[in-house]
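We count ligands from 1, going down the list as the structure has it; atoms in each ligand are counted the same way.
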Amino acid sequence: MRNTDFRIVAFIAALFFKFSCAEKEITDLTKESLIPIPVSVTATGSSFELNENSAIYISGDSEELIGIGEYLADILRPSTGYNLPVNSTSQAPSSGNIYINLEGDEVLLGNEGYDLTITEDLITLSADQPAGLFYAVQTLRQLLPAKVENNGKQEGPWKISTGNIIDYPNYTYRGSMLDVGRHFFGVEDVKRYIDLIAAFKMNVFHLGLTNDQGWRIEIKSWPKLAEIGGSTEVGGGEAGFYTQEDYKEIVQYAAERYITVVPEFDMPGHTNAALASYPELNCDGKARDLYTGIEVGFSTLCTDKEITYEFLDDVIGEIAAITPGPYFHIGGDESHVTPMEDYKPFIARAEEIVHKHGKSVIGWDEIAHAELDPGSIAQVWARAENGKMAVDQGCKLILSPANKTYLDMQYDSTTQLGLHWAAYVEIDSSYIWDPAKLYPGIGKENILGIEAPLWTETITNMEEIEYMVFPRLPGIAEIAWSPASLRDWETYKVRLGKFASRFDNMDINYYASKQIPWVTDSDSLKTSN
Ligand code: ACM
């Protein structure tokens, strides 16, 4: 070969090598930004690419698994523009597809864990129970480019790093509360809220249905509760309520996302809307005026009138009958005008009525003053000593410390929405804590889970909800899901920063805290060019 021929051949070989290497870029699944951080991630260095012929295959023909496949397809179809049919199969599918099965390890994965394996050929989601598959889908979403969340068609490629993820939750109860009493939010807003918490593997939606300012659900045997009690909200003006059909729709929507709805009827305080609707619920027999301010602690049901317990029986009975979940939240907080000698027997009777209707009680930490059934659960928001009293009665706790988890707390003194009676709660402050070490004498064995409540005295629409909830909720979800040993603020804030484009594509109006090194897809293009 002449020298120039040799140089031409070498040049072509080098070009070929360069392009084949470019196609086979090396990936690292362990470097992907996932929230909550999974229990274990192993990388194998290559990638899977979704294409226009990809399909989702379900092992067997269970309706429930087909539902999970369709849920995944509904996320992927708009942005990829691919058909992604959902098919039943009796064996692992061919190359380029997604495979969903219930062949995961029961002992390792439990009720909610999953095993997600990505090879160059196939994405396999395995679990022992369907909920685990649903959480595998949430992880898969986060492994795809952020634009997968967009509602309009986007350009590919739709590549995913290969490797394996084994993951399961640290706490059983992982929730968020929305207060629809202070301001009313319609069914569509509630569904979006449920979608947003589901994306971070939360499994409880606590719906605060009543408060001084509003009664938000139809009670057929006491119709004026919704008609009068639901007519206004904080600041005045018209508000609303859910019909029982609306509520069933919310419960069903949540169930399809492996979320249990916990309805709350706050009592004996926070009841002005009921007291305005029915004069007989007041000790003096006189209806109260509707209330549109934001003070607390001034109202109480009349604890020594028998009609009060008939009212509880009717309300709890009607709603328990359309609530498939095991819990009924009776509030019990801030009953400042109910003397303790009346409060304690009231809570005991409310607990009895909840049991009669087949549910277990959850109540804010003050209920620990009453004699509780050990199956009841105290939700600690203010006082650790109340939590300890509940534990001493054999009860489990849900932790919602206001200075960490209350999503209505302002981020700092410049935040326009929200309140700050518990604290200003920046992202680091809501993330850096360990439930099992927060209170002396309360350990992991006493804690059922964690919940982040959003009270809505100052929140009037979905945009405002999102601004207060994001980005604190993903951090609380991580505290509830991931082992404490894997959580670290310095690495968490980098992971969270990489969610900027994902939040944008999900159309989430988030607070762009200066604590977080936000990186959008356009920033990463800038740095790689
Ligand atoms: C509460 O924040 N009053 C439970």
Side-chain angles (χ1 to χ4, degrees), residues 173 175-183 204-216 233-234 262-274 291 293-301 327-338 340 343 346-347 350 361-370 372 376-390 395-410 417-425 429-430 435 438-439 447-459 465 468-469 472-473 476:
Y173 182 115
S176 183
M177 186 208 77
L178 179 65
D179 159 27
V180 298
R182 269 56 176 273
H183 281 99
V204 178
F205 175 57
H206 169 181
L207 183 56
L209 283 164
T210 67
N211 221 299
D212 286 319
Q213 299 84 348
W215 184 283
R216 303 298 179 204
E233 60 186 357
V234 168
V262 176
E264 178 180 344
F265 292 78
D266 206 346
M267 60 182 89
H270 287 281
T271 42
N272 189 77
Y291 182 65
I294 63 166
E295 295 301 315
V296 297
F298 60 87
S299 57
T300 184
L301 292 170
Y327 304 119
F328 202 98
H329 203 305
I330 60 168
D333 58 317
E334 297 177 312
S335 292
H336 302 324
V337 294
T338 320
M340 192 51 87
Y343 178 85
F346 173 88
I347 294 294
V361 162
I362 303 179
W364 298 105
D365 62 54
E366 291 95 321
I367 66 163
H369 289 285
L372 295 176
S376 294
I377 296 154
Q379 183 166 8
V380 181
W381 67 283
R383 301 184 80 93
E385 55 277 27
N386 289 345
K388 188 69 176 63
M389 274 201 295
C395 301
K396 293 256 194 246
L397 306 178
I398 296 164
L399 298 199
S400 298
N403 61 357
K404 298 281 177 199
T405 67
Y406 269 29
L407 299 170
D408 60 313
M409 290 299 110
Q410 293 171 320
L417 299 165
L419 304 169
H420 57 263
W421 55 263
Y424 292 113
V425 185
S429 171
S430 73
L438 191 63
Y439 302 125
I447 301 169
L448 186 66
I450 319 302
E451 185 184 291
L454 180 68
W455 300 101
T456 61
E457 286 96 327
T458 67
I459 313 295
I465 287 179
M468 299 310 283
V469 170
R472 287 181 290 201
L473 183 123
I476 302 290

| note | A student checking ligand 1 against Tyr406 at a 4.0 Å heavy-atom cut-off should list atoms 1 (C), 2 (O), 4 (C)
| query | In terms of atom number and element, which parts of ligand 1 are under 4.0 angstrom from non-hydrogen atoms of Trp455? | reply | 1 (C), 2 (O), 4 (C)
| request: Mind running side chain to side chain donor-acceptor pair (under 3.5 Å) on Trp381 and Glu451 for me, showing each step along the way? | output: CA-CA 10 Å; Trp381 67 283; Glu451 185 184 291; over 6 Å; no
| Protein contact of atom 3 (N) of ligand 1 - nearest heavy atom, named by residue and atom, plus distance | Asp333 OD2, 2.6 Å
| query | To the nearest 0.5 Å, what is the distance between OG (Ser176) and CG (Leu207)? | reply | 11.0 Å
| query | Out of curiosity, Ile377 CD1 to Ile447 CD1, how far, rounded to the nearest 0.5 Å? | reply | 13.0 Å
| query | Aromatic rings Tyr406 and Trp455: how do their planes relate, parallel, tilted or perpendicular, breaks at 30° and 60°? | reply | tilted
| query | Considering distance alone, does some N or O of Glu334 sit under 3.5 Å from an N or O of ligand 1? | reply | yes
